[in-house]
Amino acid sequence: MKIIESRAELQTWSDGERAAGRRIALVPTMGALHSGHLSLVAEARRRADRVVVSIFVNPTQFNDPGDFAAYPRVMEADLASCREAGVDVVWTPRAEELYPDGASSWVDVEGLSEPLCGGGRPGHFRGVTTVVAKLFLAARPHVAVFGEKDFQQLAVIRRMTGDLGFGIEILGGATVRESDGLALSSRNVHLGRKARGQAICIVESLSLAESMLAQGERGSRAILEAVRKKLGEATLARIDYAELRDPASLELVGDVIQGPTLLAIALQFEPDPALPEDSDPLDRGNRVRLIDNRVLVPTD
Ligand code: PAF
């Protein structure tokens with residue numbers, strides 16, 4: 001496995017692979033790799049001859065500097081996981097190459113970037129699309145794989161890729177879950193013991209909505225009410241959003257669910273106030289925002 005830092009070196013490698021007729025897949029990540037990322041690598045492997053994983057904690061997509069500072073950075077463990085997964089190249093871009101001094105150019109996808117995570121995290125998607133465009137330009141992949149847990153991110157990147165004519169196939173990889181259903185996320189390590197137990201209400205609320213739909217409920221309001229009640233069981237969290245939207249346009253659905261509908265949820269957990277500030281962070285936890293989603297499909 002090659003470890004490349006320089007953008008020029010990656011471009012030369014990529015040009016060589018393309019000239020030899022080999023297909024390249026890119027899996028962009030911010031590191032702290034878990035089985036969810038490795039399932040994207042496995043998908044990339046199936047779709048291409050060469051797999052590149054980029055590891056870069058992208059400062060421009062964090063609207064909270066504390067969140068950027070706290071983001072887990074475990075490069076040695078990540079490299080070991082990539083080696084074991086048969087990755088061909090790990091690209092660890094230098095921040096100063098991706099964002100040279102005075103950089104002031106941005107890629108912004110209007111509309112799709114605005115609701116859901118775009119509402120509570122201003123500038124987040126502009127940071128994501130800008131860095132992903134830079135990653136695409138350097139790695140020049142034929143295909144790129146992103147997790148479906150970040151449903152909106154996937155939609156925004158698909159739109160950007162089409163709008164800018166990158167000619168890259170964008171694939172979504174299914175969300176990988178813990179045995180109790182919690183979606184894997186690099187942020188889960190920041191949940192304290194009690195919050196970790198409560199976080200299960202997210203996937204339970206998705207399943208509740210799905211079963212209400214299966215039993216014939218079509219009212220958006222009734223479904224959202226039940227979802228919010230279930231999410232309310234997480235006393236250490238507040239609901240950032242719980243919304244029903246069209247999976248293609250991300251527009252809010254009307255009163256009656258008529259076709260496939262995205263249920264998107266974001267919960268913001270806080271440290272356990274019952275525990276002193278100097279207690280073990282594994283018990284007390286940190287601030288952590290978790291998202292999850294499911295596309296609900298009415299059967300009749
Ligand atoms: O999903 C992520 O980990 C990041 O948003 C991405 C796509 C690697 C861009 O920094």
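Bear in mind that the values here come from a model prediction, so they are computed numbers and not experimental data. Counting begins at 1 with the first residue of the sequence. As the structure lists them, so they are numbered: ligands from 1, and atoms in each ligand from 1.
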Look at atom 4 (C) of ligand 1 and say which protein heavy atom is nearest, naming residue and atom and giving the distance to 0.1 Å. Gln61 NE2, 3.6 Å
among protein heavy atoms, the one nearest atom 1 (O) of ligand 1 is Gln153 NE2, 2.8 Å
Hey, can you tell me if Trp106 and Tyr99 have their rings parallel, tilted or perpendicular (30° and 60° cut-offs)? tilted
Shortest non-hydrogen contact from Phe136 to Ala144? CE2-CB, 3.7 Å
Indicate, as side chain, backbone, both or neither, the part of Thr29 found under 4.0 angstrom from ligand 1 when only non-hydrogen atoms are considered. backbone
Of all the atoms in ligand 1, which lie at a distance below 4.0 Å from a heavy atom belonging to Val131? 9 (C), 10 (O)
Against heavy atoms of Pro28, which atoms of ligand 1 measure under 4.0 Å? 8 (C)
Holding to side-chain contact (heavy atoms from CB on, under 4.5 Å), I want the full list of residues that pass it with Glu225, two or more places apart in sequence or in another chain. Arg221
List for me each residue that meets side-chain contact (heavy atoms from CB on, under 4.5 Å) alongside Ser220, sequence neighbours excluded, and say none if there are none. Leu244, Val253, Ile257
Inspect the contact between Arg187 and Asp67 and indicate whether a charged nitrogen and a carboxylate oxygen are less than 4.0 angstrom apart. yes
